[in-house]
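Worksheet for the structure shown next.
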Amino acid sequence: MSIRYSVVVPVYNEELVIEESYRRLKAVMEQTGEAYELIFVNDGSRDKTEAMVSALCDRDACVRLLSFSRNFGHQIAITAGMEASSGQAVVVIDADLQDPPEVILEMIEKWKEGCDVVYGRRISRKGETAFKKLTAKIFYRLLKSLTNVEIPVDTGDFRLIDRKVCEVMNSLTEKNRYVRGLVSWVGFRQTEVLYHREERFAGETKYPLKKMLKFAVDGITTFSYKPLKLATYVGFLVSFLSFFYLLAVLYLKLFTDRAVSGWASTLSVSLIFNGVVLIMLGIIGEYIGRIYDETKNRPLYVIREKKGFNHEKS
Ligand code: UDP
Ligand code: MG
């Protein structure tokens, strides 16, 4: 029997939520009355996550385990799950139940009506810090203003995609993956379902500030080169202003008996612009680093163990 739905769940140190997550997902997927698979991608967890998923595999033929050799990151885990999936529709969902599995049924409805991508857009977010909500809000809007790709705001990776969209995404080879942007880039018929983001069922966020920053910079650099143009704009502005400043200094020197004096002003102007130049170099560095990642052409991830994937052929 061919698989109709694949559910991809990236998991990183989620021992506290895995059972409940499985239970809720299973309950929802059973309601479809069609064949499905639950692919848990273990992103190098250090706790009992892997053993727990492995036990689920033994118990339930719908469960698959894909285990990385180390932590490669959320976006890579999603990518691996999509590559390993075989369903006609692929759903990506976090393990922590912040995205209610019940919404999948709505997504399936829209898919059956002919949509190729159904993404979940958050109307509200519970249990997240004001800081996270604010930075997320600013980030999505900043990204929108920087890029020409229509990336919907307030949308995470919770979505359903059709097999053909999944195939296109699997064929993209870029290393610094910003999956939610890539889905938009691919196109096809896309629509949204609105939902309320719940609190994490248990445990803590696996996205500390450092990962969030890397994720944000990935999003911007892979979908826009406007930051690179900033150097040009600032350069022109500074040259323009300096020219008038020079005229003013010359005027004071030649036609009045006042001269501009003081090393403090020289030093502060020079420090400011050294700072600006270093920031610009840093921005260029972000892009060069990513070009370097692409040229090395290493695989996106390394798999240590695969379990449960042979059931589907029965
Ligand atoms: N995750 C992962 N690898 C990581 C970080 C997170 O696979 O390096 C998974 C995590 O287990 C969860 C999902 O990605 O299923 C989203 O993470 P989390 O809920 O911690 O992020 P938040 O909702 O706080 O942004
Ligand atoms: Mg979460």
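We number each residue from 1, following the sequence as shown. Both counts, for ligands and for their atoms, begin at 1 and track the order of listing. Keep in mind it's a predicted model, so treat the numbers as computed, not measured.
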For Asp96, the N, O or S atom at the shortest distance from the Mg ion (ligand 2) is OD2
Are Phe68 and Tyr301 an aromatic pair by the rule of ring centers under 6.0 Å?
yes
Tell me yes or no: between the side chains of Tyr36 and Lys26, is some donor less than 3.5 Å from an acceptor? yes
Atom 18 (P) of ligand 1: closest protein heavy atom, distance to 0.1 Å, is Arg200 NH2, 3.5 Å
Ligand 1 atoms nearer than 4.0 angstrom to some heavy atom of Gln98 are 19 (O), 22 (P), 23 (O)
Looking only at protein heavy atoms, what sits closest to atom 24 (O) of ligand 1 is Thr205 OG1, 2.6 Å
Quick look: Arg197 vs ligand 1, heavy-atom contacts under 4.0 Å, and the answer is side chain
Is the closest basic N to carboxylate O distance between Asp99 and Arg122 below 4.0 Å?
no
Ligand 1 atoms nearer than 4.0 angstrom to some heavy atom of Lys206 are 5 (C), 6 (C), 18 (P), 20 (O)
In ligand 1, the atoms that come under 4.0 Å of a heavy atom of Pro10 are 7 (O), 9 (C), 10 (C), 11 (O), 12 (C), 15 (O)
The atoms of ligand 1 lying under 4.0 Å from a heavy atom of Lys132, numbered in the order shown, are 22 (P), 24 (O), 25 (O)
Worksheet item: OH of Tyr225: more than 12 outside heavy atoms within 6.0 angstrom?
Response: no
- prompt: Does any N or O atom in Asp43 lie less than 3.5 angstrom from one in ligand 1, N or O only?
  reply: yes
- Nitrogen or oxygen atoms of Ala77 and ligand 1 under 3.5 Å apart: no
re atom 21 (O) of ligand 1, the protein heavy-atom contact at minimum distance is Tyr207 CD1, 3.4 Å
The protein heavy atom nearest to atom 8 (O) of ligand 1 is Lys211 NZ, 2.7 Å
**Prompt:** With a 4.5 Å heavy-atom cut-off, do Val53 and Ile18 have their side chains touching?
**Reply:** yes
Ligand 1 atoms nearer than 4.0 angstrom to some heavy atom of Ala95 are 15 (O)
The complete set of ring pair (Phe, Tyr, Trp, His ring centres under 6.0 Å) pairs with one or both residues in residues 145-191, sequence neighbours excluded, reads Phe158-Tyr195, Tyr178-Phe215
Do His74 and Tyr12 pair up side chain to side chain, a donor and an acceptor below 3.5 Å, judged on atom types alone?
no
With heavy atoms and a 4.0 Å threshold, my read on which part of Asn71 contacts ligand 1 is side chain
Could you check whether the rings of Phe244 and Phe240 sit parallel, tilted or perpendicular, using 30° and 60° as the cut-offs? perpendicular
So the atoms of ligand 1 within less than 4.0 Å of a heavy atom of Val11 turn out to be 7 (O), 11 (O)
Gly73 versus ligand 1: do any nitrogen or oxygen atoms come within less than 3.5 Å of each other?
no
Any heavy atom of Glu14 under 4.0 Å from ligand 1? The part involved is side chain
